[in-house]
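Throughout, protein chains are lettered first and strands after them, A, B, ... in sequence-line order, and every chain is numbered starting at 1.
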Amino acid sequence: MSIKIFNTMTRQKEPFVPLEEGKVKMYVCGPTVYNYIHIGNARPAIVFDTVRRYLEYRGYDVQFISNFTDVDDKLIKAANEMGSDVPTIAEKFINAYHEDTCALGVQKADAHPRVTETMPEIIEFIDNLVKKGFAYEAAGDVYFKTRSFEGYGKLSHQSIDDLKSGARIEVGEKKEDPLDFALWKAAKEGEIYWESPWGKGRPGWHIECSAMAKKYLGDSIDIHGGGQDLAFPHHENEIAQSEALNEAPMAKYWMHNGYINIDNEKMSKSLGNFVLVHDLVREQDPQVIRFFMLAVHYRNPINFSQELLEVAETSLNRIRTAYENLKHRLTVTADLAEDSDKWAKVIDDTRAKFITDMDDDFNTANAISILFDFSKEANVYLQERNTSKAVITDFIHLFDELAGVLGLTLQKEEELLDEQIEALIEERNQARKDKNFSRADEIRDLLKEQNIILEDTAQGVRWKRDK
RNA sequence: GGCGGCAUAGCCAAGUGGUAAGGCACGGGUCUGCAAAACCCUUAUCCCCCGGUUCGAAUCCGGGUGCCGCCUCCA
């Protein structure tokens, strides 16, 4: 049995066969860091974090890259409005992104490249496209000549002529064709800029992902992911840029997660109905948010509401309670029963079913239903007068194993909190050893915000809560 | 106009040819000093509607209705 992935390019589930046996190269489009992320941004973060965890669980060596767009029009606008500058705004919201996604159980990528740190590669990429005749310079801008790339529209399954009717030229643009898109934008007066062969300016939106994927993962990658709205035009343009230059398929599998609606309406600034993760996690257990997202298949839309979130919490608590029941029994009873083949089989079957469901295009909704079934099995077992510590331990281990694949922790909240603190302290210790004192201080400040005081003593670090 | 998605019990949600998972809520029962937790039973003769293919369809095909997304920055 192998993993199957729904590929947007072919519109069907395909067996997953990586380019290089045992290895997976994954690139997921990250946020433009001009504000705190909303729950719509959180979905791809959680979905693709789960994909990554599952691929690793299945034995793949996964290289996971996710970018930050830290310079673009929205950032420039935000900086002006806040009376700040682009690097300051970007830095602030990159830190906030890490904080918010960490709360949601999202692991850091192997690298989080930023546009501003990839400038030489981006410029070289554009330069080579110009040299190959796929792009042209026009008064300080550089545009990609869309019609020069055969196969444009293959991801979104649109013919280039159908697209043309929807395309438009903004006033003042110097495109030769409405479908052409910007690779490089000349800087206006007072705007942040970088030097380039075409003068002072900054990259267009799409080029960064092409340049970063190439820099970190090579000309062809296994999985490219993002929200479904990125399929067109963003990913279509990435394909055009990358394949025109590299002459190799950019990605083998294209994955797109569905939208989140608020009370059945699309989240948007104009409707004022967007929910920031930063605000939500103050009143809602982040694990519940993650559970809520994974309870629906990643390609389907999710409707978000406070009521549904509360139902999700009740549901998750059923699993958590079963887990706690097991832990509690372990501490209060003796080892009174023999090991049993019957329960060993339940455990093996549960793992097998979980894998079957996840293999099928990461069907986390089904995988979670397996956890419910397993919770019931655990409770049934605990009804027996005499139980075996080994069996109970096996139950607990499997809970940890499977919930871990989904990025969920079943520990009680207080315990979880302590564990997180310990983990952060450990990370800080390492940072101090590495003489990365800025990161060490960052962690100390982070904990201080949570009223956790760290004290470095000769015997090591101790911490206490500042009441 | 082009491309695409969705419609399954009161609610949420899997299931893409073999006879309706799971969760929440509701009702009945068991256990229990109380409470909690838990267990058992019950809850869709049927999957938007109409045709068709098939031994057999929620699942495939045709038509219809309703809702939604992309085609412009967007997760």
Side-chain angles (χ1 to χ4, degrees), chain A residues 8 11-13 28-32 34-35 37-48 66 69 72-74 77 153 155-170 178-179 181 204-206 225-236 256-261 264-270 274 277 291-305 307-322 324-325 328-329 353 357 360-361 363-384:
Chain A
T8 306
R11 287 182 179 159
Q12 52 191 339
K13 286 182 196 171
V28 176
C29 292
T32 300
Y34 69 109
N35 194 352
I37 58 166
H38 57 240
I39 54 171
N41 298 303
R43 171 118 100 144
I46 290 170
V47 163
F48 292 107
S66 189
T69 302
D72 88 324
D73 294 350
K74 288 195 290 288
K77 187 160 174 261
L155 179 67
S156 52
H157 303 94
Q158 302 262 7
S159 80
I160 201 156
D161 292 315
D162 289 337
L163 285 166
K164 190 182 175 184
S165 61
R168 64 183 186 195
I169 300 186
E170 300 290 345
L179 286 171
F181 55 89
W205 173 39
H206 313 293
Q228 66 175 197
D229 54 320
L230 293 185
F232 188 89
H234 185 56
H235 289 161
E236 199 73 73
H256 294 98
N257 63 272
Y259 257 82
I260 290 182
N261 297 318
N264 293 313
E265 288 204 77
K266 182 179 169 177
M267 238 190 322
S268 75
K269 292 232 157 175
S270 55
F274 57 96
V277 173
F291 176 87
F292 173 73
M293 299 244 190
L294 294 179
V296 177
H297 187 87
Y298 76 88
R299 282 188 279 117
N300 290 345
I302 294 182
N303 196 35
F304 179 92
S305 74
E307 291 71 26
L308 291 170
L309 214 49
E310 279 162 21
V311 170
E313 179 160 32
T314 309
S315 300
L316 175 58
N317 280 342
R318 181 169 170 77
I319 297 170
R320 284 171 163 170
T321 302
E324 286 305 319
N325 289 343
H328 179 254
R329 179 65 68 90
K353 280 187 280 188
D357 285 329
D360 184 14
D361 195 28
N363 194 330
T364 53
N366 270 343
I368 283 173
S369 82
I370 299 301
L371 290 184
F372 282 114
D373 292 340
F374 192 55
S375 298
K376 183 159 188 168
E377 296 285 9
N379 285 326
V380 167
Y381 182 66
L382 292 177
Q383 296 245 309
E384 294 189 3

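- Among the protein residues, A:Gln228 comes within range of the sugar-phosphate backbone only, with heavy atoms under 4.0 Å from sugar or phosphate atoms but none that close to a base.
- Looking at residues two or more places apart in sequence or on another chain, you find no ring pair (Phe, Tyr, Trp, His ring centres under 6.0 Å) involving A:Tyr259.
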Please list, for nucleotides 6-10 of chain B, all pairs of protein and nucleotide N/O atoms separated by less than 3.5 Å.
none

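- B:G5 atom C1' lies 15 Å from atom CD1 of A:Ile302, rounded to whole Å.
- Dashed line: the shortest gap from a side-chain N or O of A:Arg11 to OP1 or OP2 of B:G4 is under 4.0 Å.
- Regarding A:His235, its NE2 atom lies at a distance of 11 Å from the P atom of B:A75, rounded to whole Å.
- Taking atom P on both nucleotides, B:G1 is separated from B:G64 by 13 Å, rounded to a whole Å.
- For the P atoms, the distance from B:C26 to B:G63 is 45 Å, rounded to whole Å.
- Partners of A:Ser305 by side chain to side chain contact (heavy atoms under 4.5 Å, CB included), not counting sequence neighbours, listed by chain and number: A:Asp263, A:Glu307, A:Leu308.
- Using a 4.0 Å heavy-atom distance criterion, A:Gly40 is classed as a base contact.
- Between the P atom of B:G15 and the CD1 atom of A:Ile370 lies a distance of 13 Å, rounded to the nearest Å.
- Within 4.0 Å of A:His38, counting heavy atoms only, lies at least one base atom of the nucleic acid.
- Side-chain atoms of A:Glu236 come within 3.5 Å of backbone N or O of A:Leu155 as a donor-acceptor pair.
- Residue contacts for A:Gly30: at a heavy-atom cut-off of 4.0 Å it reaches no nucleic acid atom on any strand shown.
- Taking atom P in both B:C6 and B:G10, the straight-line distance is 23 Å, to the nearest Å.
- Close to B:C68, at under 4.0 Å from its OP1 or OP2, lies no side-chain N or O of A:Asn261.
- In this structure, a donor-acceptor pair under 3.5 Å is present between the side chains of A:Tyr298 and A:Asp361.
- Rounding to whole angstrom units, CZ of residue A:Phe304 and C1' of B:C11 are separated by 17 Å.
- B:A58 and B:U45 are spaced 13 Å apart, taking the P atom of each and rounding to whole Å.
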- Expected string for nucleotides 26-44 of chain B under the B/S/- scheme (protein heavy atoms, under 4.0 Å, primed atoms plus P, OP1, OP2 as sugar-phosphate) is -----------SSSS----
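- Rounding to whole angstrom units, CG of residue A:Leu230 and P of B:U72 are separated by 14 Å.
- Residue contacts shown for A:Phe232 are limited to sugar-phosphate atoms, with no base heavy atom under 4.0 Å away.
- Closest to the side chain of A:Ser315, from the set B:G23, B:C73, B:C71, is B:G23.
- Rounded to a whole angstrom, the distance from the C1' atom of B:G62 to that of B:U53 is 11 Å.
- Considering only side-chain atoms of A:Phe372, the nucleotide from B:G22, B:C3, B:C12 that sits closest is B:G22.
- Take A:Lys353 and apply the salt bridge (charged side-chain N to carboxylate O under 4.0 Å, His left out) test, not counting sequence neighbours, and it matches no residue.
- A:Arg11 and A:His157 are linked by a side-chain donor-acceptor pair at a separation below 3.5 angstrom, with hydrogens and angles left out of the test.
- Between B:C61 and B:U43, the distance separating the two C1' atoms is 34 Å to the nearest Å.
- Distance, A:Asn303 CG to B:G5 C1': 16 Å, rounded to whole Å.
- Applying the side-chain hydrogen bond (donor to acceptor under 3.5 Å, both in side chains) rule to A:Asn300 yields no partners; only residues at least two apart in sequence or on another chain are considered.
- Remark: A:Asp357 engages no residue in a salt bridge (charged side-chain N to carboxylate O under 4.0 Å, His left out) (not counting sequence neighbours).
- A side-chain contact (heavy atoms from CB on, under 4.5 Å) with A:Ser375 is found for one member of A:Ile319, A:Val380, A:Thr321 and no other, namely A:Ile319.
- Scanning for salt bridge (charged side-chain N to carboxylate O under 4.0 Å, His left out) contacts around A:Lys376 gives an empty result, with sequence neighbours left out.
- The backbone N or O of A:Ala231 sits nowhere less than 3.5 Å from a side-chain atom of A:Ser156 that would complete a donor-acceptor pair.
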- Task: Give the dot-bracket string for RNA chain B, reading 5' to 3', where a pair is Watson-Crick or G-U wobble with both distances under 3.5 Å, ( ) marks pairs inside the strand, [ ] marks pairs crossing earlier ones, | marks a partner on another strand, and . marks unpaired.
- Result: ((((((((.[[[..)..(...]]]..((((.......))))......[[[[[..)....]]]]])))))))....
Only distances under 3.5 Å count here; give the side-chain donor-acceptor pairs of residues 364-371 of chain A to other protein atoms, sequence neighbours excluded, each with its distance to 0.1 Å.
unit_1	atom_1	unit_2	atom_2	d
A:Thr364	OG1	A:Leu294	O	2.7
A:Ser369	OG	A:Asn366	O	2.7

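- If you check every strand for non-hydrogen atoms under 4.0 Å, A:Ile260 touches a base.
- Nearest nucleotide to the A:Gln158 side chain, out of B:G22, B:A75, B:G2: B:G2.
- What separates CD1 of A:Ile160 from C1' of B:C3 is a distance of 15 Å, to the nearest Å.
- Evaluation of the salt bridge (charged side-chain N to carboxylate O under 4.0 Å, His left out) rule for A:Arg318 yields no partner, not counting sequence neighbours.
- Residues meeting the ring pair (Phe, Tyr, Trp, His ring centres under 6.0 Å) test with A:His234, sequence neighbours left out: A:Trp205, A:His206.
- With both ends at atom P, the span from B:A25 to B:C12 equals 15 Å, rounded to whole Å.
- Among the heavy atoms of the strands, none lies under 4.0 Å from A:Asp73.
- Place A:Arg299 and A:Lys13 on RNA chain B by their nearest nucleotides, and A:Arg299 ends up nearer the 5' end.
- As rounded to the nearest Å, B:A44 and B:A20 have C1' atoms that lie 8 Å from one another.
- Protein atom CG of A:Leu179 is 13 Å distant from nucleotide atom C1' of B:U72, rounded to whole Å.
- At B:C70, one or more side-chain N or O atoms of A:Lys266 fall inside 4.0 Å of OP1 or OP2 (strictly under the cut-off).
- Along RNA chain B, the nucleotide nearest A:Ser156 and the nucleotide nearest A:Tyr259 are compared for position; the residue whose nucleotide lies closer to the 5' end is A:Ser156.
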